[in-house]
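Written out below as structure tokens is the structure these notes cover.
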Amino acid sequence: MAVAWLLVCHGLITALVVVSFLCGQWPIFQNTPIQRIHHFLTFGAYDYFLRCVGYVLGRKGTNAILSVEYFCCDRPNPILQIIYLSILGATYYFIASSSFKYIPGYYLSEVHRYMSLLGIAIGVVLFLLTSYTDPGTVKAENVSQYIAAYPYDNMIYTERECTTCKILKPARSKHCSICDRCVARFDHHCGWMNNCIGEKNTRYFMAFLLWHFFLCLYGTVALGLILAGRLKELKVVYILTVYYGIENSFRSLAPHVVQWLLAAYNTQILLMVFLSIVSLLVGGFFGYHANLCRTNTTTNETFKWQDYISWQKKLREAKASAAALKASINGMSSESKPLESKWKAFFRRSPLEEAETVVKNMYDKGIIHNIWEVITPLSTRCTFSQTKSKAG
């Protein structure tokens with residue numbers, strides 16, 4: 001049982017580290033231990049590493065590390081794409097080499113050999129579509145159409161020029177410093193895809209996440225059915241109860257069955273733990289982006305709205321302070337004004353509570369319309385090209 005608890009602890013720690021690294025900057029994890037772990041993994045640990053390199057190797061060593069960082073993080077590169085394909089290939093190889101010999105089995109037919117390969121192939125196709133589809137590059141030739149398709153809301157988007165591209169920036173667009181281009185309906189730059197996620201490839205990105213969630217879930221369930229089939233075929237429960245005299249109950253049998261599985265099929269169990277953790281991560285990431293699609297919002301816009309609301313709050317606080325100061329001065333100068341009851345003053349609402357920031361996302365036009373906009377981007381519709389001809 002010590003090995004079982006060790007695996008459980010290992011899985012929990014791995015899940016915490018992976019979730020913190022990939023999702024720690026999400027708004028939902030703000031001011032939580034996950035955000036602090038994310039900060040340490042992405043900044044704190046690297047900062048200590050740079051200091052150690054500088055102490056041991058001097059300035060030249062630090063400059064070499066910074067050059068590698070610039071290539072890996074600030075320029076388009078296929079490193080994470082190669083890592084993704086390596087993880088996918090290695091996982092499939094270990095599953096095939098360790099578990100395909102048990103297919104067909106008690107619960108799985110031989111068709112699952114080919115279904116798994118088909119699932120991997122579809123995942124790779126979606127990966128390539130997301131990686132190499134134009135995310136919606138805004139150019140001088142199509143900027144007028146994008147401006148017509150995405151009007152300014154004069155809150156988080158106002159009419160202004162991109163300082164790099166020297167063209168007007170349509171609403172919902174952003175200049176990606178890594179790809180060095182303006183992208184329509186910009187969501188984020190995805191290092192795993194080596195591409196921006198924008199207006200034209202959000203649909204492929206969502207399909208990629210959903211498919212990989214089901215693919216990992218399928219792998220976990222399939223491996224579980226293989227192990228359950230081996231228990232049936234080898235009559236493990238029968239042997240434990242008849243020959244070893246163990247009581248035929250879940251509580252009595254479970255420790256012995258788990259011990260036998262860890263001894264005989266530890267590779268399959270490790271693969272199941274890995275796939276289940278990845279499925280939870282990908283499922284959570286898909287859920288987050290599905291909610292954004294439901295409200296016709298992007299990841300970039302969530303941060304813009306946070307900044308806008310924070311700015312509005314500070315503005316309200318400044319106005320409330322000025323009003324309170326003015327009221328105090330007026331109260332001191334007017335002696336004839338009757339004093340307000342202390343109880344009324346105590347229960348009176350603050351001006352900050354009375355004036356809450358109300359924001360309206362003008363791009364949210366209902367769930368059906370929002371999802372349809374992701375499935376069929378505005379730039380792929382006939383009305384988009386008609387706008388060009390009218391502008392011309």
- Heavy-atom closest pair, residues Ser116 and Phe100: OG-CZ, 3.4 Å

- Item | Donor-acceptor pair, side chain of Asn195 and main chain of Cys190, under 3.5 angstrom | no

- Query: At what distance, to the nearest 0.5 angstrom, does OH of Tyr218 lie from CG of Leu223?
  - Reply: 9.5 Å

- Message: Within this structure, what is the NZ-CD1 distance for the pair Lys169 and Ile167, rounded to the nearest 0.5 Å?
- Response: 10.0 Å

- Query: With side chains defined as the heavy atoms from C-beta onward, is the minimum distance between Leu275 and Ile95 less than 4.5 Å?
  - Reply: yes

- Query: Do Tyr243 and Val257 share a hydrophobic cluster (ILVMFWY, side-chain heavy atoms under 4.5 Å, transitive)?
  - Reply: yes

- Task: Tell me, with the steps shown, if Arg230 and Glu233 meet salt bridge (charged side-chain N to carboxylate O under 4.0 Å, His left out).
- Result: CA-CA 5 Å; Arg230 297 303 294 166; Glu233 291 164 358; 2.9 Å; yes

- Task: Quick one: list whatever passes salt bridge (charged side-chain N to carboxylate O under 4.0 Å, His left out) with Arg51, sequence neighbours left out.
- Result: Asp47

- Message: Between Ser252 and Ser249 (side chain of the first, backbone of the second, donor and acceptor by atom type, cut-off under 3.5 Å), is there such a pair?
- Response: no

- Min side-chain heavy-atom separation Pro170-Val143 under 4.5 Å: yes

- Message: Closer than 3.5 angstrom, by distance alone: can the side chain of Asn361 be matched with the main-chain N or O of Thr295 as a donor-acceptor pair?
- Response: yes

- Message: Using 0.5 Å steps for rounding, measure from the OG atom of Ser67 to the OH atom of Tyr70.
- Response: 10.0 Å

- Message: Is it true that, when you exclude Tyr238 itself, more than 12 heavy atoms of the residues, nucleotides or ligands shown sit nearer than 6.0 Å to its OH?
- Response: no

- Query: What class does the angle between the rings of Phe205 and Phe208 fall in, given that below 30° is parallel, 30 to 60° is tilted and above 60° is perpendicular?
  - Reply: parallel

- Quick one: are Arg181 and Asp134 in side-chain contact, heavy atoms under 4.5 Å? yes

- Give a yes or no on whether the backbone of Thr241 and the side-chain of Asn248 come within a donor-acceptor separation of less than 3.5 Å. no

- Run the side chain to side chain contact (heavy atoms under 4.5 Å, CB included) check on Ile120 and Leu215 step by step: do they pass? CA-CA 8 Å; Ile120 294 292; Leu215 190 63; 4.0 Å; yes

- Message: Keeping Ser97 on the side-chain end and Tyr93 on the backbone end, is there a donor-acceptor pair under 3.5 Å?
- Response: yes

- Item | Single hit among Trp192, Phe127, Tyr84 for ring-ring contact (aromatic ring centres under 6.0 Å, His included) with His212 | Tyr84

- Query: Taking a hydrophobic cluster as the set of Ile, Leu, Val, Met, Phe, Trp and Tyr residues connected by side-chain heavy atoms closer than 4.5 Å, whether directly or through intermediates, do Ile178 and Ile82 fall within one such cluster?
  - Reply: no

- Does atom CZ of Phe214 have more than 12 heavy-atom neighbours, drawn from other residues, nucleotides or ligands, at distances under 6.0 Å? no

- Query: Is the backbone of Gly198 close enough, under 3.5 Å, to the side chain of Thr202 for a donor and an acceptor to pair up by distance?
  - Reply: yes

- Task: Taking the side chain as every heavy atom from C-beta outward, state whether Tyr46 and Ile65 have any pair of such atoms under 4.5 Å apart.
- Result: yes

- Give a yes or no answer on whether the side chain of Ser279 reaches the backbone of Ser276 with a donor-acceptor pair at less than 3.5 Å. yes

- Task: For the pair Thr299 and His289, evaluate side chain to side chain contact (heavy atoms under 4.5 Å, CB included) and give the outcome as yes or no after the intermediate values.
- Result: CA-CA 8 Å; Thr299 303; His289 280 277; 3.4 Å; yes

- Query: What residues form a ring-ring contact (aromatic ring centres under 6.0 Å, His included) with Trp260, not counting sequence neighbours?
  - Reply: Tyr265

- Closest non-hydrogen atom pair, Cys196 against Pro135: O-CB, 3.4 Å

- Task: May I ask you to decide if Lys232's main-chain N or O and Lys235's side chain share a donor-acceptor pair within less than 3.5 Å?
- Result: no

- Query: Would you say the side chain of Glu373 lies within less than 4.5 Å of the side chain of Arg381, judging by non-hydrogen atoms?
  - Reply: yes

- Query: Can any side-chain N or O of Gln268 pair as donor or acceptor with the backbone N or O of Ser98 at less than 3.5 Å?
  - Reply: yes

- Item | Any pair counted as ring pair (Phe, Tyr, Trp, His ring centres under 6.0 Å), so long as it reaches residues 134-182, sequence neighbours left out | Tyr146-Phe384

- Item | Trp372 and Thr376, any side-chain heavy atoms less than 4.5 Å apart | yes

- Is a side-chain N or O of Ser310 found less than 3.5 angstrom from the main chain of Gln306, in a donor-acceptor match? no

- Message: Rounded to the nearest 0.5 Å, what separates atom CZ in Arg172 from atom CG in Leu378?
- Response: 9.0 Å

- Check the angle between the aromatic planes of Tyr288 and Phe285 and answer parallel, tilted or perpendicular using the 30° and 60° thresholds. parallel

- Query: Below 4.5 Å, heavy atoms only, C-beta onward: do Arg185 and Tyr363 meet side chain to side chain?
  - Reply: no

- Message: Would you say Asn201 and Thr130 are linked by a side-chain donor-acceptor pair, where the criterion is simply a distance under 3.5 Å?
- Response: no

- Item | For Thr137 against Asn142, the heavy-atom pair lying closest together | O-ND2, 3.1 Å

- Item | Euclidean distance, Leu66 CG relative to Leu50 CG, rounded to 0.5 Å | 5.5 Å

- Message: Side chains of His112 and Tyr107: any donor to acceptor distance under 3.5 Å?
- Response: no

- Treating Ile, Leu, Val, Met, Phe, Trp and Tyr as nodes and any side-chain heavy-atom pair under 4.5 angstrom as an edge, say whether Leu292 and Ile368 lie in one connected cluster. no

- Message: Measuring only between side-chain heavy atoms, which start at C-beta, is Leu231 closer than 4.5 Å to Tyr106?
- Response: no

- Message: Restricting to non-hydrogen atoms, name the atom on Cys293 and the atom on Val374 that form the minimum distance, rounded to 0.1 Å.
- Response: SG-CG2, 3.9 Å

- Message: Please determine whether side chain to side chain contact (heavy atoms under 4.5 Å, CB included) holds for the pair Ile197 and Thr298, giving the CA-CA distance in whole Å, both sets of side-chain angles, and the decisive distance to 0.1 Å.
- Response: CA-CA 10 Å; Ile197 306 301; Thr298 64; over 6 Å; no

- Can you measure from CG (Asp180) to SG (Cys165) and round to the nearest 0.5 angstrom? 6.5 Å

- Task: Determine, step by step, whether Gln145 and Ser379 satisfy the side chain to side chain contact (heavy atoms under 4.5 Å, CB included) criterion, reporting the C-alpha distance in whole Å, the side-chain angles of both residues, the deciding distance to 0.1 Å, and the verdict.
- Result: CA-CA 8 Å; Gln145 299 137 270; Ser379 61; over 6 Å; no

- Message: Would you say Leu126 ends up clustered with Met115 if hydrophobic residues are merged whenever their side chains have heavy atoms under 4.5 Å apart, either directly or through other cluster members?
- Response: no

- Do Phe286 and Met193 belong to the same hydrophobic cluster, where Ile, Leu, Val, Met, Phe, Trp and Tyr are linked whenever their side-chain heavy atoms lie under 4.5 Å apart, directly or via other members? yes

